There are 4 protein chains.
Amino acid sequence: MLIVMSYTAGQAEIDAVVNAVEGMGYKARPIPGSERTAIGVLGNTGYVDDVVIRDLPGVQEVIHVSKPYKLVSRAFHPQSSIIEVCGVRIGEGCPPVVAAGPCAVEGKEQIIKTALAVKAAGAVMLRGGAFKPRTGPHTFQGLREEGLKLLAAAGKESGLPIVTEVMSPENVSVVAEYADLLQVGARNMQNFDLLRELGRIRKPVLLKRGMSATIEEFLAAAEYILAEGNPNVILCERGIRTFETATRNTLDLSVVPLIKEMSHLPIMVDPSHATGKRTLVSPMAKAALVAGAHGVLVEVHPEPEKALSDGPQSLTFQGFDKLMEEIVKLRQFLGFAG
Amino acid sequence: MLIVMSYTAGQAEIDAVVNAVEGMGYKARPIPGSERTAIGVLGNTGYVDDVVIRDLPGVQEVIHVSKPYKLVSRAFHPQSSIIEVCGVRIGEGCPPVVAAGPCAVEGKEQIIKTALAVKAAGAVMLRGGAFKPRTGPHTFQGLREEGLKLLAAAGKESGLPIVTEVMSPENVSVVAEYADLLQVGARNMQNFDLLRELGRIRKPVLLKRGMSATIEEFLAAAEYILAEGNPNVILCERGIRTFETATRNTLDLSVVPLIKEMSHLPIMVDPSHATGKRTLVSPMAKAALVAGAHGVLVEVHPEPEKALSDGPQSLTFQGFDKLMEEIVKLRQFLGFAG
Amino acid sequence: MLIVMSYTAGQAEIDAVVNAVEGMGYKARPIPGSERTAIGVLGNTGYVDDVVIRDLPGVQEVIHVSKPYKLVSRAFHPQSSIIEVCGVRIGEGCPPVVAAGPCAVEGKEQIIKTALAVKAAGAVMLRGGAFKPRTGPHTFQGLREEGLKLLAAAGKESGLPIVTEVMSPENVSVVAEYADLLQVGARNMQNFDLLRELGRIRKPVLLKRGMSATIEEFLAAAEYILAEGNPNVILCERGIRTFETATRNTLDLSVVPLIKEMSHLPIMVDPSHATGKRTLVSPMAKAALVAGAHGVLVEVHPEPEKALSDGPQSLTFQGFDKLMEEIVKLRQFLGFAG
Amino acid sequence: MLIVMSYTAGQAEIDAVVNAVEGMGYKARPIPGSERTAIGVLGNTGYVDDVVIRDLPGVQEVIHVSKPYKLVSRAFHPQSSIIEVCGVRIGEGCPPVVAAGPCAVEGKEQIIKTALAVKAAGAVMLRGGAFKPRTGPHTFQGLREEGLKLLAAAGKESGLPIVTEVMSPENVSVVAEYADLLQVGARNMQNFDLLRELGRIRKPVLLKRGMSATIEEFLAAAEYILAEGNPNVILCERGIRTFETATRNTLDLSVVPLIKEMSHLPIMVDPSHATGKRTLVSPMAKAALVAGAHGVLVEVHPEPEKALSDGPQSLTFQGFDKLMEEIVKLRQFLGFAG
């Protein structure tokens, strides 16, 4: 940690900061500059909760060198983590995986039909929402536990593990009964009670980046889960909120290689929610894999024009088949078996 | 709703859209243009969940004219709502109010001392966090139910109603035992289960705008609460996330007059979390009141340099006294008794 | 400057950085931490162009303590600057000023009529655009030099100094013939050739913040002008670009008190371009003054519905009269003569 | 164009809008809704400059269906444009190209050495800046015309066409003497005088997207160039400004397939300026090509740690060789000769 003093700060103020640092059990190393003094802090292991310092008179700025996470960082855990979801291995060195399915479980026929179709095309996991987060309360909210049952049945019938969103700490146990991978949606990335609850189970968690979460906040959110004892976390980039409205979100693909430097956790990409536009899903899914993503989640629907949510970004079965063919070739290009 | 067809769309595609619109029970009104056809939708009362239409072949764009909220809108409820919190009236025509207190309840002495100080200075409500949302898990998380008790005791001793954050649906009943106004934090603005739960109680709710929530999403979130039956919602602008890092957030004061046009709900401003910088709190609090806010929430701490969270933005007792003096004069200037 | 080494950096890499720092004529002060070493740089006067250091092996991050500007900073020039425009004094301690006029000069009658009206209402400066920056080339581009002449004539007739935008270095001399205050528009804030050219004249310059400029970039842009020798710069906040589309831009009022801490230059606010919505101009103009702005620029048009640009944000004469009455009272409240 | 009336608008106001529309020579088609009336506008060819309408009493919102550009749009020009730069063909169906070189021309040896190295590795164009846009005035500003000469000499020696930035309309002719492709930097995307000047030459122009430019503004800027008569424009995505600070900008790769839908102009990607981080350049360059970009611009420097600008994002010769090997394979994978 580096404490930058204001240019008007005098010796008394510098001394007060030095005392406060030492009072925290650390060492203070003043670095006098021509315009202002800065004070380095030594002896800390990891992030220093700076509030004791930040507000002393004369303190201009506190610059953190250590990060608010540790367990998720590659510094702490240099080896890449491989997360298993019912035998499907996700992570560095494993063939990138594809999870596919409809945005929402709408009915038995729809989900089973889709499960079989995506399985046939090469998906290794089935996605589908039973609990749907909708911007306003007057639109379809999901089939809830009934939806979980249908999803599980479809998973069984197709032989695919299932990933589905859990929205609330109290739903964690019921969702964990049915799901093989529990998803935390973007809007819940900082629902800390939910994260802690998921930290207390052992089933793997797919943590989506908040729509305005910095990479630092993203990793700190994952830290909540690992801190409670669950190491099985897969990160997922799904687009961030920017000024651009031509796409639903802005897919931030450079976080893929960047997170692979900063963390040992696997990272997937959701090009469907990121772009919101069917014609962009395929190019961005492939770009994601070439950028190094460990997998993609793709929305697929038997009849997107009749989907009760997110129709415009869902691929048809035919579209998904085509994408899978290209992904098989891409995996070979990347050095994996197709 | 206006459906814009692609310039390549032909008669068959236009007909399919017309049929779909009529199948939804609405009327379709084609508007042929020189480059493309647009189709107006008539007969709807309010927002049309467009997914049935959006994805038909040839549809370029769907433009919503109606909004995903109704109960919160001034169109539906032209008269401004006054929300009462233990006799404190908040809303249009009422003197703007000031709620003050520490970011977090840290101990009995701290909270009682602060309650008495802010009361003496002119605050009409005491704020304080018992459940604290922190970016990473290794920092102070709040005193939780113990904190609620201390807060309630301080409220009693000072005669101030209390406002505090509730973070999870399962905590709603315990928080509602102690608090007079339940706050939904920015990170939880789209925690829909929490909003629904708060819609089932009658105590008033202070809904903070999400750090990247559009005004439309903000009002739609409030809609969740009203839709469940609780009309007692106060909105609160607390800064949005932008590229600027010199302030903690970007305080978006123009939403104050804008929301007053769009909604009947009262709107307050939190200049402490918005700016993150003590020296900016006072000018922005006053600017907020002149912009028409129905009140402000200000963080105050007996010894900010020792605060366990958000010290840098907290005012000292002295600083708060000074601000209150200026607010009294400002209220008179605005036509209210001081 | 603080150089943060990667956790994998070894002694050789640290030594290389120390050598590079010393090669630049500075002193290096290693600060060994438990996880990584940081190296403080001493002996610099002001910003260090870090490129020599940033890329050495093992360097994780370079954190600047000094800023890329000096002449504009209050550290360098503690006393607030008062800028005079034809005798109108703008700056700390002076009554906040109002500049008003149409977005674009459209014709002789329009500009003279407006000049007289705003003068009568209390404006002390006339604004109007002769060179208009338009998003696309197929809309009204401004009357150019003819517009300057009309604007100057209207200024003469009403006795108001005039402020108008200059868009290109080659236009600086012709605009400087007519204008009393030369405006750099938001899109040109980093048109460095233009800034340098304006640095070579002595007439005052109104520098608008770029729509995505950080405060640091804003002040660094002003630095270009002062560095060439022209100290007469007035800053102007006019809204920044964010994800919110309900307002044209997001008016970032907290920069007003913040810039007053960081720089000695005066700062004005343009609530018309910031909000893009007539009904928001008046509340935000008043909020700006209470936040401490040294003045506001307001768009006014005799018949906004016939304006060739920016009609929706322009006030009518009647609306402007009303705003000026309120500003007079506000100035008295703030301790100035009305 | 669709005009949405306020819910309080009455018949007189609706009639006034209808009259105004007809006064513009168009037809008005009222669409009465249950809550409000909307009025469709017919008969326009392209974008309607709405200011005559927007501000009439009772008008809530004007929604544009047509865009502020025409010549650049695929609707107007369905066939993809191929732009030639000294025989190098760039566009749909052509092998994606790589332009490489240092950020700034620093000296004869540096630029010639780099030119030969990138040529040997497979680049088909040499980039290098002679006029450098720097945030603050106290850092290296570029060698200017001297730099152009050195760049041209290096291009000659290596047999590579050159691309370099022109910053001001008055520099267009001198830069056009030396350069084969003239670049408009991100900060100048809306320097309309510069765009118009470039529209009057015939040499090709590389137009970089502004750091906060929407796709619509990006295409409208390109429109300025085509409108003056120069059809030879190549677009370039280089990252946009968002809240994320871990990367220099946020590379918005989904604009690549999106722009290919909206416009016939070729689009390249600059992963160096977008990410600002050497380790991210290669994955993002490859992701860009898989997303469909017609080429990439990559910064390469003989000794990045000694670069006078942008060292941290520049590849070494070795790093560039490696990237080119992978790009050759990727081009084959994409169906082109390597």
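What you see is a predicted model; the values in this text were computed from it and never measured. Residue numbers start from 1 in every chain, and the chains themselves are labelled A, B, ... in the order their sequence lines are given, proteins ahead of strands. Hydrogens, waters and symmetry mates play no part in the numbers below; they use all other heavy atoms, side chains included.
Interface residue A:T214: backbone and side-chain heavy atoms are both found under 4.5 Å from chain D. D:E217 does not touch chain A: none of its heavy atoms, backbone or side chain, sits under 4.5 Å away. For A:T245, no part lies near chain D; criterion is any non-hydrogen pair under 4.5 Å. When heavy atoms are compared at a cutoff of 4.5 Å, D:S212 approaches chain A by way of both its backbone and its side chain. With a 4.5 Å cut-off on non-hydrogen atoms, D:S254 touches chain A through its backbone and its side chain both. With a threshold of 4.5 angstrom between heavy atoms, D:A213 approaches chain A through N, CA, C or O but not through any side-chain atom.
Between atom CG of residue D:L253 and atom OG1 of residue A:T247 there is a gap of 11.5 Å, rounded to the nearest 0.5 Å. Rounding to the nearest 0.5 angstrom, the gap separating the CD1 atom in A:I240 from the CD atom in D:E244 is 6.5 Å.
Listed options A:M284, A:K286, A:K260 were ranked by heavy-atom pairs under 4.5 angstrom with chain D; first place goes to A:M284. The candidate with the highest count of non-hydrogen atom pairs below 4.5 Å against chain D, out of A:V255, A:V256, A:T279, is A:T279.
Shown here for A:A246 and D:I215, the closest heavy-atom pair between the two residues is CB-CD1, 4.0 Å. D:F243 approaches A:M211 most closely through the heavy-atom pair CE2-O, 3.9 Å. Closest approach of A:A291 and D:P283 over heavy atoms only: O-CB, 4.0 Å.
The local environment of CZ in A:R89 is sparse, with at most 12 non-hydrogen atoms from other residues, nucleotides or ligands closer than 6.0 Å.
Contacts of residues 327-337 of chain D with chain A at a heavy-atom distance below 4.5 Å involve D:K329, D:L330, D:F333, listed in sequence order.
Counting heavy atoms from C-beta outward, A:L280 and D:L258 have side chains that approach closer than 4.5 Å.
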